[in-house]
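Structure record follows, encoded as structure tokens.
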Amino acid sequence: MAVDLLPREKPAGERKASEQEPHAIIILRRGCGVVCSADGAAGSLEWFPLRRERKARSSSFHLGGRATCLPRAGVTMSTRPPMRPPGNVPAVLLGFQPALALTGALCLQQNLGSSSPGKKQSKENTITINCVTFPHPDTMPEQQLLKPTEWSYCDYFWADKKDPQGNGTVAGFELLLQKQLKGKQMQKEMSEFIRERIKIEEEYAKNLAKLSQNSLAAQEEGSLGEAWAQVKKSLADEAEVHLKFSAKLHSEVEKPLMNFRENFKKDMKKCDHHIADLRKQLASRYAAVEKARKALTERQRDLEMKTQQLEIKLSNKTEEDIKKARRKSTQAGDDLMRCVDLYNQAQSKWFEEMVTTTLELERLEVERVEMIRQHLCQYTQLRHETDMFNQSTVEPVDQLLRKVDPAKDRELWVREHKTGNIRPVDMEI
């Protein structure tokens, strides 16, 4: 940014009243600049294109006939008439990061003696919420989503949300972290559910095996007796099927669900601490910016007061005080620029880590859901297999039941237990 005294070229109808009026130029970037006219009381901002530029060695501009020096600033001189940018785009912020634009406005404010233009333009274009700078809703340009149409985590969790359980706020990243930890808990509970299912299967198999050894109706004979014996044997076979089913549930469903990402909570804590540290650093940088802004305002006020004293009474001491106040004011401006630059660096670092980490959380969530889906599919597959095996255990029973023949059973029983086939006759006298 460069500042210097510039006699602005006026149209013919305007030159009479303010032919000698000084103007300050702030060069914000190549090809454009700001002209600020000052009459000692107020200033106005105007844009102009830079066609011919030349660098000067000194760095100063006049305010009401007094020069204020800004060391370490390059100077650009121009005699082009001022122009306004199209639309209602605030001049100071065009082509700038919001925080850096604020610095330029404050430097302009310092030398013009007016506190409203810089702050107003900054407030109209940016808003800081919990130490994070966002575009102002009234002047916010349309932003393109990082991953359009995907409802990605990296696009929708930048702001903080009001805590429903208290008066504070919850960071967007914290909500994502809670989602991940909740997913881990749900996965654990699913594993516990499968474990309970296994216990039921094991208990069921145990009871089936025990029942198959029961001696009830063991004396049934014939084809029906064979079918009944097969019924009891099928219970033992079914018990074996359920034992195998429970064993597969443990090894292929419960155990993978339980052991998936054993160190997940530790990894999430590391992510949480990393992002939280970046957010704390951002808050610290923002506090430094506010402190530097306050210090600059105080230095401006002190310089203005000493300048007014000089107008009343000239003395070497007052001039020395003004020089000293200028140095302090310039240093305060430099400190503010440095603090804003550090703040922007911290916010950029936080932004980059947020995008990277939220995308990683998104990937982990997709992976978790897919893993659970696959293992639940394995559960249903095992269940189908169990039903098939159970069906196979009752097939012999069905076959024997179709062979049950009461007449044949009666024949066999009669052959074995007959007492004689000679029927009784009437008694004769």
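Listed here is the closest heavy atom pair of Y343 and R285: CA-CB, 3.7 Å. When all heavy atoms are compared, the tightest approach of D409 to L224 is OD2-N, 3.4 Å. Between S251 and K255, the closest heavy-atom pair is O-CB, 4.3 Å. When all heavy atoms of D302 and A325 are compared, the pair lying nearest together is OD2-CB, 3.7 Å. Across all non-hydrogen atoms, the minimal contact from L296 to L336 is CD2-CD2, 3.6 Å. Pairing each heavy atom of V289 with each of C339, the nearest pair is CG2-O, 3.4 Å.
Side-chain contact check for K294 versus K291: every heavy-atom pair is 4.5 Å or farther apart. Side chains of V132 and W350 form a contact here, defined as non-hydrogen atoms less than 4.5 Å apart. Between H242 and N390, some side-chain heavy-atom pair lies under the 4.5 Å cut-off. A heavy-atom distance below 4.5 Å is not found between the side chains of T393 and K233. The side-chain heavy atoms of E192 and K188, taken from C-beta on, include a pair separated by under 4.5 Å. Using a 4.5 Å heavy-atom cutoff, the side chains of I372 and H375 are not in contact. With contacts defined as side-chain heavy-atom distances shorter than 4.5 Å, the pair R197/Y379 qualifies. Residues E367 and L364 meet the side-chain proximity criterion, which asks for heavy atoms closer than 4.5 Å.
Environment of CZ in R363: crowded, with over 12 heavy atoms of neighbouring residues, nucleotides or ligands closer than 6.0 Å. More than 12 non-hydrogen atoms from other residues, nucleotides or ligands lie less than 6.0 angstrom from CZ of F264.
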Review point. Can you list the steps and then say if E226 with K403 is a side-chain contact (heavy atoms from CB on, under 4.5 Å)?
Key: CA-CA 10 Å; E226 292 178 5; K403 294 179 180 180; over 6 Å; no

Exercise for review: Kindly determine whether I198 and E202 satisfy side-chain contact (heavy atoms from CB on, under 4.5 Å), including the steps that lead there.
Suggested key: CA-CA 6 Å; I198 292 172; E202 292 174 344; 3.6 Å; yes

Practice item. Could you walk me through whether R338 and D334 pass salt bridge (Lys or Arg N to Asp or Glu O under 4.0 Å), step by step? Key: CA-CA 6 Å; R338 179 180 58 82; D334 291 343; over 6 Å; no

Check your understanding: Between L146 and S152, does a side-chain contact (heavy atoms from CB on, under 4.5 Å) hold up when you go through it step by step?
Key -> CA-CA 8 Å; L146 298 177; S152 175; over 6 Å; no

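Partners of E365 under the side chain to side chain donor-acceptor pair (under 3.5 Å) rule, at least two apart in sequence or in another chain, are R368. A search for side chain to side chain donor-acceptor pair (under 3.5 Å) contacts involving Q374 returns E370, not counting sequence neighbours.
A distance-only check finds no donor-acceptor pair linking the side chain of T139 to the backbone of P135 [under 3.5 Å]. In terms of modelled atom types and a separation under 3.5 Å, the side chain of Y204 and the main chain of K199 share no donor-acceptor contact. Side chain of S329 to main chain of R326: no donor-acceptor pair is present (N/O by atom type, distance under 3.5 Å, no hydrogens or angles). Within the 3.5 Å criterion, the main-chain N or O of L145 finds no donor-acceptor partner in the side chain of D155. T133 contributes no side-chain N or O that, together with a main-chain N or O of T128, makes up a donor-acceptor pair within less than 3.5 Å. With hydrogens and angles disregarded, no donor-acceptor distance shorter than 3.5 Å links the side chain of H250 to the backbone of S246. Panel note: side chain Q230, backbone V397; no donor-acceptor pair is recorded below 3.5 Å. In this structure a side-chain-to-backbone donor-acceptor pair under 3.5 Å is present from T358 to M354. Put simply, the side chain of W228 gets close to the backbone of A217: a donor and an acceptor are under 3.5 Å apart.
The pair R383-D387 meets the salt-bridge criterion, with a side-chain N (NZ, NE, NH1 or NH2) lying under 4.0 Å from an Asp/Glu carboxylate O. A salt bridge between R402 and D398 is absent, with no side-chain N of the basic residue lying under 4.0 Å from a carboxylate O of the acidic one. Comment: D160 engages R279 in a salt bridge, judged by a side-chain N to carboxylate O separation of less than 4.0 angstrom. K206 has no carboxylate O lying under 4.0 Å from a charged side-chain N of E203, or vice versa, which leaves the two without a salt bridge. Salt bridge status for R195 with E189: absent, with no side-chain N to carboxylate O gap under 4.0 Å. In summary, R301 and E298 do not engage in a salt bridge, as defined by a charged side-chain N under 4.0 Å from a carboxylate O. A salt bridge is defined here as a Lys NZ or Arg NE, NH1 or NH2 lying under 4.0 Å from an Asp or Glu carboxylate O, and E411 with R415 meets this definition.
Residue pairs meeting the side chain to side chain donor-acceptor pair (under 3.5 Å) criterion with at least one partner in residues 207-222, sequence neighbours excluded, are E221-W413. Screening residues 266-276 for side chain to side chain donor-acceptor pair (under 3.5 Å), with sequence neighbours left out, gives H274-E353.
Note that CZ of R373 is 12.0 Å distant from CD of Q378, once rounded to the nearest 0.5 Å. Distance CZ/R293 to OG1/T297: 8.0 Å, rounded to 0.5 Å. The distance from the CD atom of Q347 to the CG atom of L282 is 5.5 Å, given to the nearest 0.5 Å. With rounding to the nearest 0.5 Å, the separation of CG in L208 from OG in S234 is 9.0 Å. Atom-to-atom distance recorded for H136:NE2 and I127:CD1 is 5.0 Å, nearest 0.5 angstrom. Here the NE2-CZ distance, from H384 to F389, works out to 13.5 Å after rounding to the nearest 0.5 Å.
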Side-chain donor-acceptor pairs of residues 422-429 under 3.5 Å, sequence neighbours excluded:
none

Indicate every side-chain donor-acceptor pair of residues 169-184 with a distance under 3.5 Å to a residue at least two apart or in another chain.
| residue | atom | partner | partner atom | Å |
| --- | --- | --- | --- | --- |
| Q180 | NE2 | L361 | O | 3.0 |
| K184 | NZ | F260 | O | 2.7 |
| K184 | NZ | R261 | O | 2.9 |

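Residues Q281 and D277 bring no donor and acceptor atom of their side chains to less than 3.5 Å of each other. For D405 and S223, the side-chain atoms include no donor-acceptor pair closer than 3.5 Å.
Residues W158 and F134 keep their aromatic ring centres 6.0 Å or farther apart.
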